[in-house]
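Numbering of ligands and ligand atoms starts at 1, following listing order. We're numbering straight along the sequence, starting at 1. These values consider heavy atoms only, across backbone and side chains, with no hydrogens, waters or symmetry-generated copies.
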Amino acid sequence: MTRHPETIFVLTGAGVSAESGLGTFRDRGGIWARFDPMKLATPEAYAADPDTVLDFYDHRRRGVIAAEPNAAHVALAQAEARLAGRGGRLFLCTQNVDDLHERAGSQAVTHMHGELLKARCCACGTVTPWRADLTRADACPACGAEGRMRPDVVWFGEMPMHLDAIEAALAEADLFVAVGTSGAVYPAAGYVRQARALGIPTCEINLEPCDNADAFDAARYGPASEALPRYLADLGL
Ligand SMILES: [Zn+2]
């Protein structure tokens with residue numbers, strides 16, 4: 001009988017949400033391709049022109065609220081439940097700032113680049129669920145400061161979130177799977193080499209080979225909504 005992995009670390013990226021219609025800066029010819037991320041997704045951009053930055057995130061937030069999870073999100077939520085049912089664990093680490101994993105039913109999602117449906121007060125640090133547009137007229141529900149709320153997402157030049165928990169989960173895993181990630185954004189792009197250094201088998205699931213495809217032991221190519229459910233089924237999940 002094949003021994004199935006019981007502790008799986010899954011890293012998801014933009015490719016998983018792209019099939020739900022959510023684009024990124026990196027899509028060639030995509031809706032964000034004509035924008036300069038350095039003018040929209042940095043602390044400096046927010047300091048220099050908060051209205052433009054907030055408008056940009058308002059637009060993206062509305063897109064997230066209108067989007068629906070796809071078969072890749074659903075398959076991961078089912079795999080999490082099935083693994084938990086037999087005493088295992090699926091650690092889901094995502095680079096995505098949308099809530100599609102949660103809406104598909106995933107119980108524990110680690111958002112290393114933050115969450116678009118939350119806002120953070122720059123004055124007191126309180127993070128609040130936030131579905132409406134965000135303007136400089138908004139006051140922090142905790143401290144009352146006005147004009148200090150920003151999307152709770154990680155901007156270029158900022159430190160990703162939950163790195164200690166992510167590293168600990170990686171060290172405990174017996175399989176590392178990266179889905180829909182470009183392999184270009186660190187530290188996430190380095191996790192495959194860390195996994196291999198720990199002796200953990202690694203698999204990439206992507207539309208096309210990622211920038212560090214040679215670092216993976218195995219690969220499945222195709223849309224995440226098709227390749228990922230097939231792969232998880234092969235694992236007995
Ligand atoms: Zn505050």
Side-chain angles (χ1 to χ4, degrees), residues 11-14 16-17 20-26 31-32 35-69 73 77 80 91-170 181 185-189 191:
L11 172 68
T12 64
V16 172
S17 291
S20 292
L22 299 178
T24 73
F25 287 122
R26 295 180 56 83
I31 55 170
W32 306 122
F35 294 97
D36 176 0
M38 295 304 151
K39 293 200 174 105
L40 291 168
T42 65
E44 294 77 17
Y46 178 66
D49 186 357
D51 291 333
T52 297
V53 171
L54 291 176
D55 277 353
F56 169 68
Y57 284 98
D58 287 347
H59 193 94
R60 290 191 61 188
R61 190 183 302 101
R62 288 184 225 129
V64 164
I65 291 168
E68 296 292 339
H73 298 104
E80 178 190 47
F91 185 88
L92 179 53
C93 174
T94 186
Q95 296 174 288
N96 299 335
V97 297
D98 60 63
D99 66 343
L100 297 182
H101 283 307
E102 286 89 345
R103 280 158 57 197
S106 286
Q107 298 296 307
V109 187
T110 299
H111 283 272
M112 66 184 301
H113 291 163
E115 294 171 74
L116 190 49
L117 299 185
K118 291 182 179 173
R120 182 163 85 238
C121 172
C122 298
C124 74
T126 299
V127 174
T128 310
W130 204 281
R131 298 178 65 85
D133 286 353
L134 194 53
T135 71
R136 281 197 287 163
D138 288 310
C140 169
C143 75
E146 285 179 18
R148 305 296 305 278
M149 301 297 284
R150 58 166 277 186
D152 191 33
V153 299
V154 175
W155 282 332
F156 293 100
E158 295 183 324
M159 193 69 143
M161 300 174 181
H162 315 298
L163 292 182
D164 290 346
I166 292 167
E167 302 252 338
L170 193 54
T181 68
V185 179
Y186 281 83
Y191 291 156

**Prompt:** Run the side chain to side chain contact (heavy atoms under 4.5 Å, CB included) check on Arg136 and Glu146 step by step: do they pass?
**Reply:** CA-CA 7 Å; Arg136 281 197 287 163; Glu146 285 179 18; over 6 Å; no
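Remark: Glu80 pairs with no residue by the salt bridge (Lys or Arg N to Asp or Glu O under 4.0 Å) rule, at least two apart or across chains.
Among residues at least two apart or in separate chains, there is no ring pair (Phe, Tyr, Trp, His ring centres under 6.0 Å) pair with a member in residues 103-140.
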Side chains of residues 149-159: which donor-acceptor partners sit under 3.5 Å, not counting sequence neighbours?
| unit_1 | atom_1 | unit_2 | atom_2 | d |
| --- | --- | --- | --- | --- |
| Arg150 | NH1 | Glu158 | OE2 | 2.8 |
| Arg150 | NH2 | Val153 | O | 2.6 |
| Arg150 | NH2 | Glu158 | OE1 | 3.0 |
| Asp152 | OD1 | Arg120 | NH1 | 2.3 |
| Trp155 | NE1 | Tyr57 | OH | 3.0 |
| Glu158 | OE1 | Trp155 | N | 2.7 |

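Only protein N, O or S atoms were considered, and those under 2.8 Å from the Zn ion (ligand 1) are Cys121 SG, Cys124 SG, Cys140 SG, Cys143 SG.
Other residues, nucleotides and ligands contribute over 12 non-hydrogen atoms within 6.0 Å of the CG atom of Asp51.
The side-chain contact (heavy atoms from CB on, under 4.5 Å) with Asp98 is formed by just one residue from the set Leu116, Val16, Val64; it is Val64.
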